[in-house]
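Right, one structure below, let's go through it.
Sequence positions, counted from 1, serve as the residue numbers for this chain. No experiment lies behind these values; they were computed from the predicted model shown.
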Amino acid sequence: MKEKTQFVRNVCPRNCFSTCSMVTKVVNGRVIKVAGDPLHGFSKGKLCAKGYSYPEYVYSSKRLLNPLFQKKRGSGNWHEISWEEAYNIISDKIITLYDKHQTHLALAYNKFSGNLGLLHNAMEGFFHSLGAHTKAEGNPCLGTGRQSLRFQRGTEFSPRPENMAMADAIIIWGSNPAVTNIHQMKFIHTARDQGAPLVVIDPLFTETAKTADIYIQVRPGQDLWLAAAVLKLLLSRNSTGAFKIPGWKMLKKELIDCEMDFLLNKCGVSYEAVKELANIYEYSKNAAAWIGYGAQRHYGSSASVRMIDAISLITEDMFKCKRDVYYFHPELFRMPNRLVNDHITDAENCRNIDFRNFSNQLPTLQDPPVEFLWLFSRNPLSQDENVKEWMHLMKEMDLVVVSDLFLTKTAELADLVLPVTTHFEHWDLHVSYWNHWLSLNEPAIKPAGNVKSDLQIARELAMVINSKRPGMSSFRTELSDRDWLSEEVASLPKGRYPISSWEELRIRPAVLNDTSKLMKQADRVTFYSEKDASKTFFTEWNVSDKVTVNHTKGPFKVLSPQSLLHIHSQFEPRVSTQDFLKVTEVKISSSLAASLGLKKNDKVLLFNEHSEIERHVKIDSLIPENVLVLRQGGDHPVNELSGYKPDCSEGAGETSEFFDTRAYIVKLEEAGR
Ligand SMILES: Nc1nc2c(c(=O)[nH]1)N[C@H]1C(S)=C(S)[C@@H](COP(=O)(O)OP(=O)(O)OC[C@H]3O[C@@H](n4cnc5c(=O)[nH]c(N)nc54)[C@H](O)[C@@H]3O)O[C@H]1N2
Ligand SMILES: Nc1nc2c(c(=O)[nH]1)N[C@H]1C(S)=C(S)[C@@H](COP(=O)(O)OP(=O)(O)OC[C@H]3O[C@@H](n4cnc5c(=O)[nH]c(N)nc54)[C@H](O)[C@@H]3O)O[C@H]1N2
Ligand code: SF4
Ligand SMILES: [Mo]
């Protein structure tokens with residue numbers, strides 16, 4: 001038989017800065033190999049290790065190929081059912097609940113970041129097509145910083161990340177691109193090769209820090225005080241600036257009134273390091289300051305984000321120089337996304353539940369109570385705070401449906417699991433939350449087994465419901481995947497991308513046209529407090545004081561940043577390669593190990609008011625004394641130790657404060673095991 005070889009453009013749909021376009025080699029209908037797409041101007045023909053391993057992912061023996069049903073939730077007693085049966089179970093429940101309550105508010109869904117493709121918002125469109133319903137709202141990645149930047153500088157647009165290559169200094173506050181955004185590193189290296197110093201500010205000596213000229217070890221959650229110290233020092237050198245930014249006078253007075261020693265004590269950084277950082281801000285003409293998401297996963301971190309940003313706003317004015325501030329690119333939120341928006345009928349009556357507190361809140365809802373929960377592109381039993389409450393919530397529901405590729409910790413507690421396609425098996429359209437590229441994802445192979453895309457599920461379920469109850473769903477079932485691509489592209493504002501149809505993206509990805517207009521600061525740059533204009537944000541920020549800890553016996557702060565070979569709970573288990581830290585390990589400092597009498601590989605129990613989990617000790621002399629570092633995911637995820645803290649949510653902004661988790665650590669024999 002003659003071999004048939006094809007090359008197809010795909011896009012990595014993971015929640016990752018890069019959104020790499022890739023070229024897939026398909027031989028006789030099988031994915032053989034994937035490579036980076038050289039025409040994607042950000043990733044420039046490269047992928048990461050996760051990307052290159054996609055053939056393994058597609059053909060994994062762990063992939064679900066048929067809808068599964070388990071009679072008793074959590075029993076593990078699964079049996080395969082047909083799609084027809086699955087759709088009947090779901091549609092009958094939706095209709096019964098509607099008849100009981102005369103509304104769809106008893107239906108809830110929770111979606112996040114399994115696949116960020118635009119056509120993957122289909123299920124949200126489906127729920128909207130029914131009318132008012134209950135759903136999760138929020139963003140665990142970057143909500144707090146986004147909210148803070150919007151308030152303070154009136155815009156949230158970051159420059160094209162490729163521009164970082166032209167900076168004459170790069171200051172990274174709480175991001176770890178060598179792990180989370182590897183393609184950005186080449187732009188950083190180009191700038192460094194041209195003489196730009198790289199400063200990394202992070203409590204952990206990360207892979208990015210290893211490449212830096214200056215590494216500053218800030219106390220977790222205390223960037224506010226470091227940034228204030230830098231500004232105070234700069235002010236003492238140049239006190240004449242009369243800036244027009246509202247609130248500046250008050251902020252300036254507070255900085256002057258505050259003792260330098262107080263600030264240094266708070267952030268745990270030496271005066272010499274503050275001086276170096278201030279010098280870089282003072283002497284560079286075109287500095288890039290990057291506010292990472294890591295810095296905003298603590299209480300009071302909106303204050304940190306704003307003070308870090310204030311250094312750029314003020315030095316730009318003070319030294320008449322250019323300051324690019326990088327945070328994120330909000331294109332995902334700006335797309336017309338017809339799949340959602342065309343179906344919105346009764347948004348104002350939807351019940352929107354805070355993402356961070358979803359599992360606590362859902363069981364308290366009345367009139368009607370929520371009885372049906374659907375989770376798609378999500379694994380909250382690994383990735384959310386309140387894991388225990390999640391377990392409870394799953395038990396309380398009448399019907400729990402999970403759509404996923406694998407039987408995750410969350411799926412294990414569902415009644416019904418629907419198997420979905422990989423990005424090699426469906427159409428999609430992708431923009432990034434970092435770079436400015438738009439790419440098309442084409443199906444490369446036939447769907448494995450009986451899997452379906454989220455869009456296909458939405459469309460077919462709408463048809464089944466309407467066959468039983470005509471008109472119940474207004475989902476536009478007549479449109480094919482390609483029709484939706486046409487709708488999405490046709491609705492883009494004219495000239496935003498240099499394309500007139502989605503078909504052009506089959507040849508190459510497209511980049512957003514000139515963004516300088518978007519970048520322009522709005523008129524309302526301000527340093528006032530968001531809540532009370534009689535205060536500057538500095539006074540308001542004392543909220544972060546509540547959580548400064550420096551105990552020697554614990555509880556210790558638990559940091560669980562992203563890791564190189566995983567995307568959150570995904571790409572697990574890996575046989576061929578291991579990440580820097582195994583999911584079964586906890587990393588502690590040598591001094592903490594010494595004071596607790598712990599040695600490498602000792603089995604320890606980490607515990608707090610929420611739960612207890614076991615780990616093996618790994619010792620690292622460079623991590624802060626009172627910090628425990630864990631990886632996300634695994635059988636007993638670190639989030640079993642985290643919980644939403646309403647009393648401290650003031651000043652926290654929108655993002656979950658994952659890095660404010662605290663736990664004790666004891667050797668297992670001492671815990672009596
Ligand atoms: N402790 C701690 N916890 C954290 C964080 C942290 O730093 N520390 N980070 C937080 C952050 S930033 C994030 S973004 C969240 C991530 O939270 P989640 O989005 O819940 O995380 P994932 O583990 O990526 O789970 C996504 C699931 O979607 C599935 N999936 C993939 N593609 C598809 C698809 O096409 N359709 C459907 N239906 N499903 C699909 C995957 O198999 C996976 O099970 O985690 C948060 N949790
Ligand atoms: N390989 C890989 N890449 C990913 C992901 C992944 O899971 N794996 N997830 C993607 C997603 S959804 C997201 S949201 C992004 C996150 O991207 P990043 O913001 O780069 O990642 P984080 O791991 O959340 O945190 C970054 C750094 O902040 C540091 N940090 C913690 N607390 C503080 C603090 O108080 N101050 C300062 N200055 N630093 C602090 C941490 O030690 C960490 O090194 O990454 C994306 N990219
Ligand atoms: S995980 Fe990120 S870097 Fe890796 S292939 Fe996907 S988009 Fe690219
Ligand atoms: Mo995220």
- prompt: Is there a donor-acceptor contact under 3.5 Å linking the side chains of Lys135 and Asn352?
  reply: yes
message: Under a plain distance cut-off of 3.5 Å, with no hydrogens placed, do Ser377 and Asn115 share a side-chain donor-acceptor pair?
response: no
field: Between NZ on residue Lys232 and CG on residue Leu255, distance to nearest 0.5 Å
entry: 7.0 Å
- prompt: Between Phe571 and Phe406, is the ring centre distance below 6.0 Å?
  reply: no
message: With rounding to the nearest 0.5 angstrom, report the CG to OH distance, Leu233 to Tyr271.
response: 4.5 Å
message: For Lys275, is there an ion pair with Glu272 - N to carboxylate O distance below 4.0 angstrom?
response: no
message: With a sphere of 6.0 Å drawn around NE2 of His610, does it hold more than 12 non-hydrogen atoms of other residues, nucleotides or ligands?
response: yes
task: Over all heavy atoms of both residues, which pair between Glu385 and Arg356 is shortest? Give the atoms and the distance, please.
output: OE1-O, 4.0 Å
- request: Give, for atom SG of Cys16 and atom NE2 of His183, the distance between the pair rounded to the nearest 0.5 Å.
  value: 7.0 Å
- prompt: Between Tyr327 and Gln296, is any side-chain donor less than 3.5 angstrom from a side-chain acceptor?
  reply: yes
message: By the definition side chain to side chain donor-acceptor pair (under 3.5 Å), identify the one residue from Arg378, Arg14, Gln632 that meets it with His568.
response: Gln632
message: Working to the nearest 0.5 angstrom, can you tell me the gap between Leu606 CG and Ile613 CD1?
response: 5.0 Å
message: Regarding Lys557 and His298, do their side chains bring together a donor and an acceptor under 3.5 Å, going by distance alone?
response: yes
query: In this structure, are over 12 heavy atoms from other groups packed under 6.0 Å from Glu609 atom CD?
result: yes
query: Regarding Arg146 and the six-membered ring of Phe333, is the cationic atom NZ or CZ under 6.0 Å from the ring centre and inside 45° of its axis?
result: yes
- prompt: Do Asn639 and Ser642 have side-chain atoms, one donor and one acceptor, less than 3.5 Å apart?
  reply: yes
message: Would you say that more than 12 heavy atoms from the other residues, nucleotides or ligands in this model lie under 6.0 Å from the OH of Tyr215, or not?
response: yes
message: Test: salt bridge (Lys or Arg N to Asp or Glu O under 4.0 Å). Region: residues 628-643. Which pairs qualify, not counting sequence neighbours?
response: Glu572-Arg631
field: Salt-bridge criterion met for Arg662 and Asp660 (N-O under 4.0 Å)
entry: yes
- request: Taking the six-membered ring for Trp and the full ring for Phe, Tyr or His, determine whether the centres of Phe17 and Tyr293 are under 6.0 Å apart.
  value: yes
